[in-house]
Amino acid sequence: MMWNPAGAWPGLSGLRVLDLSRLLPGGFATLMMADLGADVIKIEDPRLGDYGRLVDPDAFAALNRNKRSVILDLRTEEGRADLLRLVADSEVVVESYRPGVLDAMGLGYDRLREANPRIVLCSVSGFGQSGPYARRPGHDLNFLALSGYFAVPHRTTGRVDRAGVRVADLAGAMYAAYATLVAVFAARESGEGQHLDVSLHEAAAAWSGPFALPLLERAEPVDSPLVTGDNDLFTTADGRRIALATFEDKFWVAFRQALAPEFPVLDDGSYDRRPARTRAKHEVAKVLAEVFAQRDFAWWTSVLAGLDIPWAPVYESAEEMLADPHTVERELVGTLPGSAADRPRRQVRFPVRFGAGLDSLRGAAPAHGEHTAEVLEG
């Protein structure tokens, strides 16, 4: 039976993905495919299933909507046989074990290929399937630490801070999803699948590299032309923050001229050209910090709202993000339906609007093993 949950528009309907992964990277990669209509089947062990169910039920719900759950004990001959039967009728397997684990189970790429020559195996791991770090455990922060992420300065002073968002995990997930679909299209043409080796460390390096590698030619990383004093977060008199990004000259001039009557220190055109502002980045940053500190958040948002420049209030709570009028008008956040075992949850929709339509918030994350009989008997 063709799985087409997305409705009339086919999207990725007809693509069956077996998801053996756990937690964030594999879950996000297969979420993108599931949102677009692929039949993503989570293969979970009979004890606890995906560890994410226990760690953070809200995050689990967001990462596993529109999927089905099947319980298989891959430690047993019967469980492995059931998986291989599913592989024969699938196009993709996604896994996030440490390198060698799947082979030790007797379910490595060569065995999967025997069951289905067109199968695409996407292995998502911290450091890849080979190399001195291949079997080393790690999490997002470790991958970022080695990737060059912290080598890229983001302001004129201070060390680079860690991000709250799991950058390496999400970057790797996006490369995994993209590469997997490319490999599927190739397999449909050639009849031959392949093994994809996705490293979260390398994904983070790919994002950091264009900004980190040019710094090899600079004695001081902060001398990068991409580090400027007028592209930063500035604290207002009442402790709130404003994001200002007057990178182009026209925006800086508009900001400076509009605010000069209120702040005489801005009545100076010496830095109206980008090279001059970049050379004087430390002085510019100091001036702006002093200026923003003289008025409260409400005053700044009122004044800046009337200027055609790149600025934004810094939202530091989910409530503020949800209340933003642009977020509301674009229906960026919706409510995922509940299930018999779980409550409805607010989630961010798939962040692309398709002219043919797409309801990405259509199905709740599955209960542990909810679809075992349906899938194995189908």
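- Every residue two or more places apart in sequence or in another chain was checked for a side-chain contact (heavy atoms from CB on, under 4.5 Å) with R159, and none qualifies.
- Residues T30 and N64 are not in side-chain contact: their nearest non-hydrogen atoms beyond the backbone lie 4.5 Å or more apart.
- The minimum heavy-atom distance linking L215 with P153 is given by the pair CD1-CD, 3.7 Å.
- With sequence neighbours excluded, the residues forming a side-chain contact (heavy atoms from CB on, under 4.5 Å) with L23 are D50, Y51, listed by chain and number.
- Remark: E91 does not engage R16 in a salt bridge, criterion side-chain N to carboxylate O under 4.0 Å.
- Placement of L31 and V94 within a single hydrophobic cluster is found when ILVMFWY residues are connected by side-chain heavy-atom separations under 4.5 Å, directly or transitively.
- The residues D73 and R75 are annotated as salt-bridged, a charged nitrogen and a carboxylate oxygen being separated by less than 4.0 angstrom.
- A donor-acceptor pair under 3.5 Å is absent between the side-chain atoms of R68 and the main chain of V375, judged by distance alone.
- A search for side-chain contact (heavy atoms from CB on, under 4.5 Å) contacts involving A373 returns E377, not counting sequence neighbours.
- Listed by chain and residue number, nothing satisfies the side-chain hydrogen bond (donor to acceptor under 3.5 Å, both in side chains) test with R136 (two or more places apart in sequence, or in another chain).
- Qualifying ring pair (Phe, Tyr, Trp, His ring centres under 6.0 Å) partners for F251, counting only residues two or more places apart in sequence or in other chains: none.
- Partners of E192 under the side-chain contact (heavy atoms from CB on, under 4.5 Å) rule, at least two apart in sequence or in another chain, are R113, S190.
- Taking 4.0 Å as the cut-off between side-chain N and carboxylate O, E370 and K67 do not count as a salt-bridged pair.
- Looking at heavy atoms from C-beta onward, L15 lies out of side-chain contact with D39 at the 4.5 angstrom threshold.
- Partners of F292 by ring pair (Phe, Tyr, Trp, His ring centres under 6.0 Å), not counting sequence neighbours, listed by chain and number: F234, W300.
- With salt bridges taken as basic N to acidic carboxylate O contacts below 4.0 Å, one links R241 and E316.
- Salt bridge status for D58 with R343: present, with a side-chain N to carboxylate O gap under 4.0 Å.
- Residues forming a side-chain hydrogen bond (donor to acceptor under 3.5 Å, both in side chains) with S90 (at least two apart in sequence, or on another chain): none.
- Applying the salt bridge (charged side-chain N to carboxylate O under 4.0 Å, His left out) test to pairs two or more places apart or on separate chains, those with a residue in residues 294-313 are E262-R295.
- For F185, there are no ring pair (Phe, Tyr, Trp, His ring centres under 6.0 Å) partners, not counting sequence neighbours.
- Residues passing the salt bridge (charged side-chain N to carboxylate O under 4.0 Å, His left out) test with R273 are D249, sequence neighbours excluded.
- The side-chain heavy atoms of L266 and F255, taken from C-beta on, include a pair separated by under 4.5 Å.
- Taking every heavy atom of both residues into account, P214 and G209 meet most closely at CD-O, 3.8 Å.
- Judged purely by atom type and a 3.5 angstrom limit, T372 uses its side chain to pair as donor or acceptor with the backbone of I71.
- Residues E77 and R80 are paired through a salt bridge, judged by an N-O separation under 4.0 Å between the basic side chain and the carboxylate.
- With sequence neighbours excluded, the residues forming a ring pair (Phe, Tyr, Trp, His ring centres under 6.0 Å) with F143 are F127, listed by chain and number.
- In this structure, A206 and Y175 approach most closely via the heavy-atom pair CB-OH, 3.6 Å.
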